[in-house]
Amino acid sequence: MSLFSFCKAMAEWTADYMLIPVFNFQAGLFPPFSNPAGDIADWLETDGGLNTLAWLFAVNIAFAIGMTNLIIVIHLERKIAARIQDRRGPMLSLRSFRELGEDLAGNSPSWRFKQNYAGIGILQNMADGIKAITKELIIPAKADKFLFTMGPIIFISSSVFLLVLFPLSDRFAASSAPAGLMVIMAAFSIAPIGVLTSGWASNNKYSMIGGMRSAAQLMSYEIPLLLSMAGVFLLAGSFDPVTIVEQQQQSTWFFGLPMWNFIPQFIGFIVFMICILAEVERVPFDLPEAEAELVEGWTTEYSGIRYMLFLAAEYIRGFAGAAVCTILFLGGWAGPWPVPPEVWFLLKVYLILIFWIFIRWTVPRIRTDQILELGWKKLLPLSLINILIVIFMVEIYPYLSDTLTLLPEVF
Amino acid sequence: MAEMWISMGPQHPMTHGLWTLKVKVDGETIVDADPELGYLHRSVEKMGERRKYFMNTTLTDRLCYASSTTWTHCYALSVEELMEVEVPQRAQYIRTIMLELQRLASHLMWAGAYMPDLGHITGALYFWRDRELFLNLLEAPSGSRLLYNYIRIGGVKRDLPDGFEQKTERILKLFEQRLDEYADLFENSKIFRMRTEDVGKFTAAQAQNLGITGPNLRGCGTKFDLREHDTYEIYDEIDWDIQTREAGPGYSDCFSRYMVRIDEMRESIKIIRECFKKMPAGPTMASKIPVRATGEAFRRTEDSRGEALMYVVGDGSDRPYRWKIKSPMFTTISACPHYLKGYKVADIPAIMGSIDICIGETDK
Amino acid sequence: MEIKAFMKEVSSVKGVTKVGLVRNNVVKCNLDKEGSKDFFVKLKDDFGFEHCSLITAIDNQPQFELVYHFSAINGSVFVKDSSAAVMAEIHIFLDRDTPTVESISDLWFGANWHEREAFDLMGIYFIGHPDLRRVLLPEGFAGHPLRKDYVYEIHEEEW
């Protein structure tokens, strides 16, 4: 049963038993000409209405799953970073509430320190969220107020949009667009507009330099990124994630092992990994928000929930980037039987994310000119070489091998 | 993009203290720079004129919060020169050990502060974790972790505690292992070298004229270390070498300055071990220390950051008539337009971090 | 050049008096204010003192005293059988009414901020200095606090 058919059943149930009776009841109460309730009830009975409701459910489920993953990713980042740096990381857990309660009541903590702070620290995210919401939203006096508020909206909405675009498996997908990956990349490339807007609107020199850097970086890395993806598209003959994963499953290697795309297209895989790292602005490519020289780059003037949503959006983009990488190169949701495909998919995504976290806490940041040089002079030629290899594999090699097998018969 | 001035500081992650660096940028390239000081000026020299000679060691401790013992030592040396006090042999050895421990702690503080400048926060935590070890060692004889007030005029406050040598040896051994570990993380790392090599270059001749001394000068390959060239305490009795590096013929970059400090840390370990080997028994304080002094005297020492010089004038009373502090960073910061021009905005923290700024001593 | 020969050469220069040794590697001399620049040029170019360590201004009441410390890093002047680097300590005395002296910041850039500091805290004017502003105290501060006759006043304005 796919996610959509599940949602369709749910939509039918809610429409029949909850929504249509309510709307019909309302239609009876109010004057008919100004009241749309009856029309809505009629529309909900049609196929279009049910489908819309089903999509609404599906999107919400995908969004909830994505947001849950976001919390886990942030928590993982903190804990792994702490372990790399020889410390413990956040330890706040439900037990810490006891001390909080005692503190509020004016008593000294009756538990010992060790017991209060012995959790895994997942509550730290809650604490951060509460803190961010309660902070004041400061708009600088000389900022362009309209664009200053529009920038975060563009950036964050385009990032959250990503959550519903990638499928967790062939049955668990909120979106089943045939050009699914193209839509994901299009959603990825909206972000520079938001970054540039908020960097410029802040009326701060650090923000402006950060925004400029970000735009330059994202634009110059989009090209090798898409070119490295082109190899996979050529091999699968489709932009559809489901088709791409199926193609990876079908092509086999030694002992009948599936040949996932990172084996034949190793160059493309490397280029894609570097480019997507730059695309989601993580260390070593996080120079738009280089805190050493630009304070916080284009997010310098933002505060409170806006700033927190910027951070969250960056993690969402990281998660989406890892998901795209998994679909394209690591065989997507394919894996041995007893584990469900959705879990396989998430496992692979988290593997990539953990790899990125390790990179983030072990290398310094590189410079603007170096990043552009790397993008244009090294990654672009490499991605072109990758396409040439794929073209040879797809078009020329079968033809050549056919010719070679035919040769003895000709002579 | 048109040229514009960017003001970095007084509160900015790059500054490591309170100062302002105004840079004029053309796009991302630095065209001009103008450093500004004075945010941390506490008028130490004026205060010192109202306090007795022995009271001033508390002030000199507060000159540099990362390397306080070396400054107190410089003051003690120059006042001893003024008062013609003979420091006992054992006190000299203890002083040398404390100075080298302080140098290690200071260089670790610098290395830890330098890594976030390059975007490498793990490095900061690693180096500061090791700094704790040396703070523990400095705490053992002096009783405090930041401002020791251990070196006094005429000797040191008290003798080393029992078991100090064994504890030091244990920590030095651990730290040596860790330095080898860090080599993979930092100096062998491709991205670290990309950020630091060929950045912030100046030649040895330039550096001498600009007033740059200490590790930054030794990073140009100039063999000049006041521990040998204007020797004090017992540095002439023990066996050690001046550490130099150069990025190319006669010039330094951020990487060579980083490497000089790493090498110096290894050399300090060697000096401490030698000191423990040769340390004699005896008193740790001169038997007779005069209160009043006449005349003028100066001594210069190799501070963790360069040439520290204190010039003391006495008029026969128990307070210094004039007391002048030369801070190595004062001139090094003043020269920053010379070595910032032509580099990118992203290089500013890499360059200004690599010269090891301490604003406490600079602003006095 | 051996330090003894250096002392002999220095004492032959016009305006230099009281040449002596402070320690085995520190030469001390007094210098007249007039023509001091010529001596500093000679010190840098002929004797090879590349590094200006410190400029100290002392309020000797009534006159001011400037103490320059230069060091020879590359060993152009040396002490026999010793690794010690030679320093030159030069005293210039200034009248209280005309605390001016020629700037040496074009010879040694390292002297630039030392001169600014001496101007800031002691009120010595360095003629020919490219940028004689206050360095440690804020612009608009009244008086020069390291002078012995400085009286502290409470300033109303904030910096």
Side-chain angles (χ1 to χ4, degrees), chain B residues 34-43 45-46 49 81 204-213 217 222-231 236 242 295-300 307-313 315 321-328 330-335 337-338 362-364, chain C residues 22-26 28 44 48-61 65 67 69 71-75 78-79 82-87 89 91 105 107-114 116-118 120-122 131 133-139 141 145-148 150 152 159:
Chain B
D34 180 22
E36 265 184 23
L37 290 184
Y39 296 93
L40 207 60
H41 182 53
R42 293 150 296 173
S43 62
E45 287 169 8
K46 183 82 180 171
E49 288 173 11
E81 175 97 4
Q206 246 184 329
Q208 289 163 19
N209 191 273
L210 296 174
I212 297 170
T213 47
L217 180 61
T222 308
K223 240 179 156 55
F224 186 75
D225 192 321
L226 290 168
R227 284 176 284 179
E228 176 166 335
H229 287 113
D230 202 351
T231 189
D236 51 341
I242 301 171
E296 54 182 43
F298 79 92
R299 281 309 290 260
R300 48 180 183 159
E307 175 194 48
L309 194 154
M310 288 211 190
Y311 183 79
V312 187
V313 181
D315 63 343
Y321 181 76
R322 176 83 169 95
W323 169 35
K324 173 78 183 172
I325 302 156
K326 189 256 155 113
S327 139
F330 189 67
T331 42
T332 311
I333 289 178
S334 79
H338 289 257
T362 309
D363 271 358
K364 296 186 268 280
Chain C
V22 179
R23 279 194 298 277
N24 66 336
N25 63 335
V26 182
K28 179 183 173 182
K44 189 189 175 216
F49 283 81
E50 304 94 345
H51 176 61
C52 172
S53 285
L54 184 60
I55 299 174
T56 313
I58 305 170
D59 184 5
N60 271 340
Q61 284 187 321
E65 183 183 354
V67 187
H69 287 96
S71 52
I73 285 180
N74 287 339
F78 55 90
V79 187
S82 164
S83 61
V86 174
M87 279 198 103
E89 184 182 319
H91 294 248
S105 60
L107 297 175
W108 290 276
F109 185 85
N112 190 319
W113 276 28
H114 288 310
R116 276 178 71 180
E117 194 192 344
D120 187 357
L121 301 177
M122 200 62 101
D131 185 21
R133 285 180 290 145
R134 287 185 182 273
V135 59
L136 292 176
L137 300 176
E139 291 290 331
F141 191 89
L146 276 184
R147 286 189 178 186
K148 291 286 174 187
Y150 175 77
Y152 179 71
W159 286 294

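Each chain gets a letter, A, B and so on, in the order its sequence line appears, and its residues count up from 1. Bear in mind that the values here come from a model prediction, so they are computed numbers and not experimental data.
Using a 4.5 Å cut-off between heavy atoms, B:H41 touches chain C through its side chain atoms alone. Looking at C:N112, neither its backbone nor its side chain comes within 4.5 Å of chain B, counting heavy atoms on both sides. Looking at B:P328, neither its backbone nor its side chain comes within 4.5 Å of chain C, counting heavy atoms on both sides. Looking at C:R23, only its side chain comes within 4.5 Å of chain B, counting heavy atoms on both sides. For chain B, no part of C:R116 is nearby; none of its heavy atoms comes within less than 4.5 Å. Looking at B:F224, only its side chain comes within 4.5 Å of chain C, counting heavy atoms on both sides. In this structure, the portion of B:T362 lying under 4.5 Å from any heavy atom of chain C is its backbone and not its side chain. Residue contact with chain C, scored on non-hydrogen atoms closer than 4.5 Å, involves the side chain of B:D34 exclusively. Of the two parts of B:Q206, neither the backbone nor the side chain holds a non-hydrogen atom closer than 4.5 Å to a non-hydrogen atom of chain C. Only the side chain of C:L121 comes within contact range of chain B, judged by heavy atoms closer than 4.5 Å. With a 4.5 Å cut-off on non-hydrogen atoms, B:F298 touches chain C through its backbone and its side chain both. Heavy atoms closer than 4.5 Å to chain C are found in the side chain of B:E307, but not in its backbone. Neither the backbone nor the side chain of B:L226 has a heavy atom closer than 4.5 Å to any heavy atom of chain C. Looking at C:Q61, both its backbone and its side chain come within 4.5 Å of chain B, counting heavy atoms on both sides. Contacts of C:V26 with chain B are made by side-chain atoms alone, with heavy-atom separations under 4.5 Å and no backbone atom involved.
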(request) Go through the steps for C:N25 and B:H229 under the test side-chain contact (heavy atoms from CB on, under 4.5 Å), then give the verdict. (result) CA-CA 10 Å; C:N25 63 335; B:H229 287 113; over 6 Å; no

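Distance check, rounded to the nearest 0.5 Å: CH2 of C:W113 to OG1 of B:T332 gives 10.5 Å. Separation of atoms CG (C:L137) and CG (B:L37) is listed at 11.5 Å; rounding is to 0.5 Å. C:S82 OG to B:E228 CD: the interatomic distance, rounded to the nearest 0.5 Å, is 9.0 Å. Here C:S83 contributes atom OG and B:D230 contributes atom CG; the two are 9.0 Å apart, rounded to the nearest 0.5 Å. Rounding to the nearest 0.5 Å places CG of B:L309 at 9.0 Å from OG of C:S71.
Electrostatic pairing of B:K364 and C:E117 counts as a salt bridge here, judged by a charged N lying under 4.0 Å from a carboxylate O.
Checked by atom type and distance alone, the side chain of B:K326 never pairs as donor or acceptor with a backbone atom of C:H114 at under 3.5 Å. B:R322 places no side-chain N or O within 3.5 Å of a backbone atom of C:N60 that could act as its donor or acceptor partner.
Residues B:K324 and C:V67 fail the side-chain proximity criterion, which asks for heavy atoms closer than 4.5 Å. Counting only heavy atoms from C-beta outward, the side chains of C:L54 and B:R300 never approach each other to under 4.5 Å. Side-chain contact between C:T56 and B:V313: absent, with no pair of heavy atoms (C-beta onward) separated by less than 4.5 Å.
The heavy-atom pair separating C:K28 from B:E296 by the smallest distance is NZ-OE2, 3.0 Å.
The choice from B:K223, B:E36, B:E81 that makes the most heavy-atom pairs within less than 4.5 Å of chain C is B:E81. Contacts with chain B were tallied for C:E50, C:R133, C:K148; C:K148 has the most, counting heavy-atom pairs under 4.5 Å. Among B:T213, B:N209, B:T331, B:T231, the residue making the largest number of heavy-atom pairs under 4.5 Å with chain C is B:N209. Interface summary for chain B: among C:D131, C:I58, C:N24, the most heavy-atom pairs under 4.5 angstrom belong to C:I58.
Ring geometry for B:H338 versus C:F109: interplanar angle over 60°, hence perpendicular rather than tilted (30 to 60°).
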